[in-house]
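Below, all heavy atoms of this structure are taken into account, side chains as well, without hydrogens, waters or symmetry copies.
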Amino acid sequence: MTIPSEINVAIIGAGAAGLGAAHALRRSRLSCIVLEARERIGGRGYTIMAAPDVVFDVGCGWLHSANRNSFVKIAEALNFEINRDLPPWRERAYGNAFPQKDRDDFIRSLDAFFHRAEEAAKSGRDAPADTCLEPDNRWNPMIDAISTYINGVELDHVSLLDLDAYEDTNLNWRVRRGYGALMAAYGGSLPLALNCMVTLIDHSGRRLRVETSQGTLTADMVIVTVPTDLIADEAIRFHPSLPDKVDAAKNLPLGLADKVVLALDEPEALPKEGNLRGATMRAEMGTYHLRPFGQPCIEGFFGGRFARALEDAGDGAIAATSIDEIVSFLGNNFRRKLRPLKESRWAHDPFARGSYSHALPGHAGKRVVLAAPVDGRLFFAGEATSPNFFTTAHGARDSGERAAREVLAALSAK
Ligand SMILES: Cc1cc2nc3c(=O)[nH]c(=O)nc-3n(C[C@H](O)[C@H](O)[C@H](O)COP(=O)(O)OP(=O)(O)OC[C@H]3O[C@@H](n4cnc5c(N)ncnc54)[C@H](O)[C@@H]3O)c2cc1C
């Protein structure tokens, strides 16, 4: 679709937030277009066929807090099969690399850490989340590894109050055909312009001027949904500038999580839906999902500084490290059974620049600042603006719907 010269509402970004906003405005009389820099929709939700028999979510894969996840109803309405099996993260570690007794001890220490964090947050005083680690607990590095998976960074960079604000209902489901595929279907019928990168939003005049790689359009209102690092780095600029937004975005940076999928020959040798990880006693470790949905593959997950170093080492480094680590757990004859299919590089993705946002210590309040409308004309959505489901796809989608409601409220107030 080519872009019109005038529109009521321009939505920037066709990730979960932008699609949620566009759907909510569809029922109004407003003309609306989603401007997307990539050649596809979904943003950090992206499903590929890594092999003819392997569906792989390069970005989000789990319907977190599934009983409060708005994508569940959408999946049902679009006939996307939902898998409600519990994930294998906690109890189901495979093999001898992490013996049961150690695993139980680790889970106890992990739960105790989260309990201490919850108690400490009640004071209302913020601090780096690593202050809630028990000094000298032998599992501290692995608790930090878990932080790199859920926050994208180590605990010393995480605001305790922000960590506490996240609502986890401990129910995690999956979409058999892929979360990214679900987003693509959800957004398929919306008015969209792809390959349309927005560079400037000029809000100095009576109408908003939006400069894009496909030309300029004017709009009454704009909803911005791009990831925080793009606002922080002023990859998308505002005129006049919005220093409060840039400051909020800088204090809600994206952490990094990366995934890899490896083809597995002779898959019967490993259980379906298993988890593999070692008692490595270090934060630099992968965690592996064996044969998700029974597929002939292993998915690996890496986070934080370790993921960043592997991305920086170049394409293929995540797969090579995964294979070495899996072989160290399962034995050398597994090396010939594993073949790299695909690995993500979210930090090097120019339209993401990372995986999901965390608040730096002392800055938990910045999510509200980032979400706040400006002049009743500029509105902000995206996972980083969600008060309780930040980092997630459904939190992003719901934030888009919230921004759409703000647009409608601003119009009716005029
Ligand atoms: C590896 C990984 C695993 C994850 N796992 C899960 C999970 O299991 N469950 C879960 O719920 N969440 C998970 N997430 C997080 C989830 O994917 C995101 O929180 C969510 O998709 C963010 O949606 P969004 O709309 O806020 O942003 P995005 O999806 O990033 O959408 C923003 C859009 O803006 C576009 N854009 C950027 N700049 C411009 C510009 N200048 N002009 C026009 N368009 C622009 C981008 O291309 C993008 O399409 C994961 C993420 C990653 C990376």
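Listed for the Ser344 side chain is no donor-acceptor partner under 3.5 Å among the backbone atoms of Trp346. For Glu39 (side chain) and Leu194 (main-chain N/O), no donor-acceptor pair under 3.5 Å exists by modelled atom type. Checked by atom type and distance alone, the side chain of Lys259 pairs as donor or acceptor with a backbone atom of Gly59 at under 3.5 Å. Although no hydrogens or angles enter the test, the distance criterion places no donor-acceptor pair under 3.5 Å between the side chain of Thr391 and the main chain of Tyr356. Distance alone, capped at 3.5 Å, is enough to place a donor-acceptor pair between the Ser159 side chain and the Leu161 backbone. Using modelled atom types, one side-chain atom of Asp168 and one backbone atom of Asn170 make a donor-acceptor pair closer than 3.5 Å. Remark: side-chain polar atoms of Glu343 are paired, donor with acceptor, to backbone N or O of Gly316 under 3.5 angstrom. Thr225 contributes no side-chain N or O that, together with a main-chain N or O of Ala17, makes up a donor-acceptor pair within less than 3.5 Å. Remark: side-chain polar atoms of Asn8 are not paired, donor with acceptor, to backbone N or O of Met221 under 3.5 angstrom. When atom types are taken as modelled, the side chain of Ser399 and the backbone of Gly382 share a donor-acceptor pair closer than 3.5 angstrom.
Between the side chains of Thr228 and Arg353, not a single donor N or O lies within less than 3.5 Å of an accepting N or O. Judged purely by distance below 3.5 Å, without hydrogens or angles, the side chains of Asn172 and His64 pair a donor atom with an acceptor atom. Neither side chain, Asn69 nor Ser65, offers a donor N or O lying under 3.5 Å from an acceptor on the other. Remark: the Thr148 side chain and the Arg305 side chain contain no N/O donor-acceptor pair separated by less than 3.5 Å. With no hydrogens or angles considered, a side-chain donor-acceptor pair links Arg367 and Ser357 at under 3.5 Å.
Here the side chains of Leu254 and Ser355 are not in contact, with every heavy-atom distance at 4.5 Å or above. In this structure the side chain of Val374 reaches within 4.5 angstrom of the side chain of Phe380, judged on heavy atoms. Between Pro4 and Ile33, the closest side-chain pair of non-hydrogen atoms falls below 4.5 Å. Arg397 places a side-chain heavy atom less than 4.5 Å from the side chain of Ile74. Taking 4.5 Å as the limit, some side-chain heavy atom of Gln295 sits within range of a side-chain heavy atom of Val55. Considering only heavy atoms from C-beta on, Asp229 comes within 4.5 Å of Pro253 through its side chain. Between Arg402 and Thr385, the closest side-chain pair of non-hydrogen atoms falls below 4.5 Å. Contact of the Val246 side chain with the Glu234 side chain is registered, since non-hydrogen atoms from C-beta on lie closer than 4.5 Å.
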Worksheet item: What's the verdict on ring-ring contact (aromatic ring centres under 6.0 Å, His included) for Tyr179 and Phe71, showing C-alpha distance, side-chain angles and the deciding distance?
Response: CA-CA 9 Å; Tyr179 210 154; Phe71 270 116; 5.4 Å; yes
Item to complete: Please lay out, stage by stage, how Arg282 and Asp144 fare under the test salt bridge (Lys or Arg N to Asp or Glu O under 4.0 Å).
Response: CA-CA 8 Å; Arg282 53 175 197 268; Asp144 224 10; over 6 Å; no
Fill in: side chain to side chain contact (heavy atoms under 4.5 Å, CB included) between Leu200 and His239, worked out
CA-CA 7 Å; Leu200 175 76; His239 176 74; 4.1 Å; yes
Worksheet item: Can Val260 and Lys342 be said to form a side chain to side chain contact (heavy atoms under 4.5 Å, CB included), step by step?
Response: CA-CA 6 Å; Val260 62; Lys342 171 81 183 173; over 6 Å; no
Worksheet item: Under the salt bridge (Lys or Arg N to Asp or Glu O under 4.0 Å) criterion, do Arg108 and Asp105 qualify, and how do the steps go?
Response: CA-CA 5 Å; Arg108 265 194 303 276; Asp105 197 33; 3.6 Å; yes
Item to complete: Give the intermediate values and the outcome of side chain to side chain contact (heavy atoms under 4.5 Å, CB included) for residues Ser5 and Thr218.
Response: CA-CA 6 Å; Ser5 56; Thr218 66; over 6 Å; no
Practice prompt. Please lay out, stage by stage, how Thr131 and Leu155 fare under the test side chain to side chain contact (heavy atoms under 4.5 Å, CB included).
Written response: CA-CA 8 Å; Thr131 54; Leu155 289 165; over 6 Å; no
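For the salt bridge (charged side-chain N to carboxylate O under 4.0 Å, His left out) test, no residue two or more places apart in sequence or in another chain qualifies with Glu311.
For residues 40-50, the pairs satisfying side chain to side chain donor-acceptor pair (under 3.5 Å) are Arg44-Glu383, Thr47-Asp57, with sequence neighbours left out.
With respect to Arg174 and Glu273, a salt bridge is recorded, a charged nitrogen being found less than 4.0 Å from a carboxylate O. Salt bridge present: Arg209 and Glu211 bring a charged side-chain N and a carboxylate O closer than 4.0 Å. One finds a salt bridge joining Asp102 and Arg138 here, because a Lys/Arg side-chain nitrogen approaches an Asp/Glu carboxylate oxygen to under 4.0 Å. Here Arg377 does not pair with Asp220 in a salt bridge; the nearest charged N to carboxylate O distance is not below 4.0 Å. Using a 4.0 Å cut-off between charged side-chain N and carboxylate O, Glu118 and Lys122 make no salt bridge.
Between Trp89 and the choices Tyr149, Tyr288, Trp62, the ring-ring contact (aromatic ring centres under 6.0 Å, His included) rule is met once, by Trp62. If you run salt bridge (Lys or Arg N to Asp or Glu O under 4.0 Å) between Lys366 and each of Asp162, Asp247, Asp244, only Asp247 comes through.
The minimum heavy-atom distance linking Tyr186 with Gly20 is given by the pair OH-CA, 3.6 Å. For Ser322 against Leu262, the heavy-atom pair with the smallest separation is CB-CD1, 4.0 Å.
When ring centroids are compared, Phe389 and His394 come within the 6.0 Å threshold. Note: Tyr166 and Phe390 meet the aromatic proximity criterion, with ring centroids under 6.0 Å apart. Centroid-to-centroid, the aromatic rings of His289 and Phe301 stay 6.0 Å apart or farther.
The environment of His348 atom NE2 is dense: over 12 non-hydrogen atoms of other residues, nucleotides or ligands sit within 6.0 angstrom. Atom CZ of Arg345 has more than 12 neighbouring heavy atoms from other residues, nucleotides or ligands inside a 6.0 Å radius. Atom CG of Asn96 sits in a sparse spot, with 12 or fewer heavy atoms from other residues, nucleotides or ligands closer than 6.0 Å.
Once rounded to the nearest 0.5 Å, the distance linking CG of Leu182 with CG of Asn79 reads 11.5 Å. Here the straight-line distance linking atom OG1 of Thr287 with atom CZ of Phe98 works out to 10.0 Å at 0.5 Å rounding. Expressed to the nearest 0.5 Å, how far CD1 of Ile223 lies from CG of Leu35 amounts to 11.5 Å. Met183 CE to Leu78 CG: the interatomic distance, rounded to the nearest 0.5 Å, is 12.5 Å. Distance OG/Ser109 to CG/Leu133: 10.0 Å, rounded to 0.5 Å. In this structure, CD on Gln100 lies 9.5 Å from CD1 on Ile107, to the nearest 0.5 angstrom.
Relative to the ring axis of Phe351, Arg38 does not place its NZ or CZ within 45° and under 6.0 Å from the centre.
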